[in-house]
Amino acid sequence: MGNTMRSVYCGQLKAANIDEEVTLCGWVDRRRDHGGVIFIDLRDREGIVQVVFDPDGEENFALADKVRPEYVLQVKGKVRARDAATVNPNMATGEVEVYGTGLEILNSAETPPFQLDSHITVGEDVRLRYRYIDLRRQEMQKNLYFRSKVTTAIRNYMDENGFLDIETPILTRATPEGARDYLVPSRTHEGQFFALPQSPQLFKQLLMVSGFDRYYQIAKCFRDEDLRADRQPEFTQIDIETSFMDEEGIMSVTEGMIRKLFQDLQGVDLGEFDRMPYSEAIEKYGSDKPDLRIPLEMVDIKDLMKDVEFKVFSGPANDPKGRVTAMKVPKGGEIPRKKVDAYTKFVSIYGAKGLAYIKVNDKDDLENGLQSPIVKFLPAEVCRAILDRVEADNGDLIFFGADTHKIVTEALGALRCKLGEDLNLYTRDWAPLWVVDFPMFEATDNGGLTALHHPFTAPSCSPEELQANPAEALSRAYDMVLNGTELGGGSVRIHDQGMQQAVFQILGIEEDEQREKFGFLLDALKYGAPPHGGLAFGLDRLIMLMTGSESIRDVIAFPKTQTAACVMTDAPGSVGADQLKDLHIRLRAKPQAQEQKSESQTK
RNA sequence: GGUCCGGUAGUUCAGUUGGUUAGAAUGCCGGCCUGUCACGCCGGAGGUCGAGGGUUCAAGUCCCUUCCGGAUCGCCA
């Protein structure tokens with residue numbers, strides 16, 4: 001190891017190094033002082049090794065006595081085997097230790113605000129305030145180390161497959177659809193604003209027009225929307241675009257990448273990915289990103305409920321927009337009543353007014369074998385038909401949803417995931433799949449249509465067919481889903497000006513607006529745009545899944561809090577009057593509540 | 001924007017129907033200890049109970065407002 005103050009990393013020492021003279025650099029993880037002998041666990045990014053000082057080395061021993069946690073040390077010493085009785089099997093380097101013959105304190109450290117031990121839990125706000133210390137923890141080191149390995153593997157894979165890494169602007173223009181933009185005021189253009197890209201979507205399409213044929217970028221994207229455990233205002237996409245490839249080609253090359261990452265970095269063979277039409281995902285699993293580790297499925301019983309007197313069921317059954325469905329939970333009869341009540345409350349979040357159920361004690365005894373608040377409203381032959389259709393067995397529990405299609409689907413879809421988690425129903429570790437055959441559009445609240453994917457997605461029909469029946473049209477889009485998380489999505493794009501204008505028209509984007517916002521794209525489509533398409537992966541989510549993290553915050557070095565702030569740097573912050581003047585910006589008078597906040601922050 | 005959970009020692013938490021000097025663990029400081037590894041033993045220091053207001057003889061505890069962190073619905077083409 002040249003050009004460095006160390007000869008080897010602490011965490012790399014093992015029996016093979018015995019008798020070597022080494023120089024280590026690292027942080028004091030822990031010090032154990034036995035009066036006559038001092039143990040220092042020295043930590044660097046590769047791991048921890050035990051260093052021993054005894055009074056024979058007078059000066060070093062006195063120094064070792066002064067050392068405290070998180071001091072930065074340079075230690076010279078000799079690697080030696082531990083006595084059989086003192087080997088530590090819980091430690092990667094536990095077979096050896098370093099007998100310290102030289103010690104230099106490179107820097108002292110104040111007592112850290114929290115302990116770095118892995119067995120101590122610390123509130124996330126404290127961790128984020130002192131993120132540079134938090135990142136010293138082994139778990140975080142491991143996550144970011146792994147992230148680096150993944151991005152390197154991605155670059156290698158893309159390079160091997162002929163993709164070029166091309167950067168696109170961060171300062172760009174606002175787009176009319178999609179998420180809220182982060183805006184950057186222009187100094188040189190009074191009253192005008194840049195937007196940070198929600199994704200490099202249009203630029204990568206233009207690169208295809210330019211003939212680069214295969215592009216990729218590990219790109220920062222920005223969306224000013226409310227945060228979640230898997231959503232940050234700035235996040236990273238593996239952005240990919242190709243020319244002269246159809247959806248099969250694109251899915252094949254990107255699936256190959258994900259499969260290789262899992263194989264090479266985790267030793268997991270994901271196999272060939274399943275394919276599922278969007279409609280099946282919604283109808284069976286209540287989600288466009290179904291978690292197929294969970295064996296539960298929704299089974300429609302709308303036809304059985306049309307004529308029952310029980311209005312809760314017959315109402316939606318006779319409403320074209322309604323949905324009535326059953327979901328069998330094998331062995332669900334063991335779920336306590338209290339838990340069922342909790343699930344009722346859970347589905348109410350999604351607008352469900354109740355959660356009917358039947359506990360199947362004896363499927364052959366319709367009189368007394370079914371335990372349920374609703375069975376008395378249902379004719380025996382309907383009960384029989386339900387049991388047959390869901391293939392119920394004794395001990396099963398059947399949940400029901402009856403409401404609008406949207407509410408039933410979302411509520412039971414969410415319940416399905418919750419049951420999977422609570423009852424640990426997972427049948428496998430990894431369930432990758434492609435969701436395909438998305439609709440082009442979905443209805444908006446005010447009766448219009450909006451792009452389900454984005455407005456540059458190609459339909460799988462002609463412009464004429466599209467305009468004749470836009471609501472039914474399917475797109476050439478595809479999403480990659482892993483364990484109920486949308487890892488990435490993409491589509492074959494429109495490369496024809498007429499088709500693009502047809503889509504804008506259906507979306508209600510008028511010609512002058514088309515010109516203003518997308519004129520450059522429409523122009524580009526005129527000058528020889530090749531057939532093209534692509535896909536973008538959420539890198540943070542991918543790393544989160546691969547490392548088993550609870551939140552993408554744990555795989556991002558410096559993430560934001562739920563209010564999109566950074567508690568370490570205190571960003572965002574206020575700026576001086578001069579800066580605002582340069583940007584031609586005058587702030588509105590603050591409401592009083594706001595003033596209290598900024599005062600408490602400036603102290 | 002809505003709903004829910006949380007904020008008490010550096011940290012993680014407990015704190016009863018409102019009632020004496022707000023506790024524990026861990027960390028920290030000092031002492032002892034030559035084989036520990038979440039070392040051990042003895043002693044010590046350490047608190048604007050998130051902030052503001054109110055009720056009360058009395059508030060960590062009850063009420064109102066507000067800030068912060070998290071989960072979630074809406075939102076996220």
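The sequence lines fix the lettering, A, B, ..., with proteins before strands; numbering per chain opens at 1. The analysis underlying the following values was restricted to heavy atoms, covering all of them including side chains, and did not include hydrogens, waters or symmetry mates.
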Which part of the nucleic acid does L227(A) contact within heavy-atom distance under 4.0 Å: base, sugar-phosphate only, or nothing?
nothing
Within the 4.0 Å heavy-atom criterion, would you say D117(A) contacts the bases, only the backbone, or no part of the nucleic acid?
nothing
Nucleic acid contacts - residues 129-143 of chain A versus RNA chain B, non-hydrogen atoms under 4.0 Å
none
Hey, does the side chain of Q50(A) come within less than 4.0 Å of U36(B)'s phosphate (OP1/OP2), counting only N and O?
no
Under 4.0 angstrom, heavy atoms only, what part of the nucleic acid is A85(A) near: base, sugar-phosphate, or nothing?
nothing
For atom OH of Y182(A), is the number of surrounding heavy atoms from other residues, nucleotides or ligands below 6.0 Å larger than 12?
yes
Taking only N and O in the side chain of R32(A), is any of them less than 4.0 Å away from OP1 or OP2 of C39(B)?
yes
Q138(A) atom CD: more than 12 heavy-atom contacts under 6.0 Å:
no
Does any donor-acceptor pair link the side chain of R223(A) with the base of C75(B) at a separation under 3.5 Å?
no
How would you label the contact of E97(A) with the nucleic acid (heavy atoms, under 4.0 Å): base, sugar-phosphate, or nothing?
base
When all nucleic acid strands are considered with a 4.0 Å heavy-atom cut-off, which category describes T457(A): base, sugar-phosphate, or nothing?
nothing
Lys/Arg cation over aromatic F346(A): K418(A), 6.0 Å, 45° cone
yes
Can you tell me if the side-chain N/O atoms of T563(A) get under 4.0 Å from OP1 or OP2 in G69(B)?
yes
E225(A), CD atom: more than 12 neighbouring heavy atoms under 6.0 Å
yes
Before accepting this row, confirm whether a basic side-chain N of the pair R493(A)/E241(A) lies closer than 4.0 Å to the acidic partner's carboxylate O.
yes
Quick one: does R231(A) reach the base of C75(B) with a side-chain donor-acceptor pair under 3.5 Å?
yes
Salt bridge or not between K289(A) and E486(A)? Use side-chain N to carboxylate O under 4.0 Å.
no
Check D403(A) with K353(A), please: is the shortest side-chain N to carboxylate O separation under 4.0 Å?
yes
Let me have a per-nucleotide readout for nucleotides 1-11 of chain B, 5' to 3', with B, S or -, counting only protein heavy atoms under 4.0 Å.
B--------BS
Show each protein N/O and nucleotides 43-46 of chain B N/O combination with a separation under 3.5 Å, one pair to a line.
none

Can a side chain N or O of R31(A) be found less than 4.0 Å away from OP1 or OP2 on C28(B)?
no
Is the shortest side-chain N/O distance from R30(A) to OP1 or OP2 of C39(B) below 4.0 Å?
yes
Is a donor-acceptor pair below 3.5 Å formed from side chain D41(A) to base C37(B), judging by atom type as modelled?
no
Taking the nucleotide of RNA chain B with the nearest heavy atom to each, does A179(A) or L128(A) sit closer to the 5' end?
L128(A)
Plane angle bin for F518(A) and F504(A) - parallel if under 30°, tilted between 30 and 60°, otherwise perpendicular
parallel
By nearest atom, which of the nucleotides U34(B), G69(B), A71(B) is closest to the T561(A) side chain?
G69(B)
Just do the side-chain hydrogen bond (donor to acceptor under 3.5 Å, both in side chains) check on D239(A) and Y215(A) with the steps written out, would you?
CA-CA 8 Å; D239(A) 197 42; Y215(A) 142 97; 2.8 Å; yes
Any strand, both distances under 3.5 Å, Watson-Crick or G-U wobble: C4(B) pairs with G70(B)
Could you check whether F53(A) and F61(A) have their ring centres less than 6.0 Å apart?
no
Quick check on RNA chain B: between R80(A) and T111(A), whose nearest nucleotide comes earlier from the 5' end?
T111(A)
Regarding R80(A) and E97(A), does a basic nitrogen lie under 4.0 Å from an acidic carboxylate oxygen?
yes
What does D33(A) touch in the nucleic acid at a heavy-atom separation under 4.0 angstrom: a base, only the sugar-phosphate, or nothing?
base
Check the angle between the aromatic planes of Y130(A) and Y132(A) and answer parallel, tilted or perpendicular using the 30° and 60° thresholds.
perpendicular
So what does T444(A) touch, heavy atoms closer than 4.0 Å: a base, only the sugar-phosphate, or nothing?
nothing
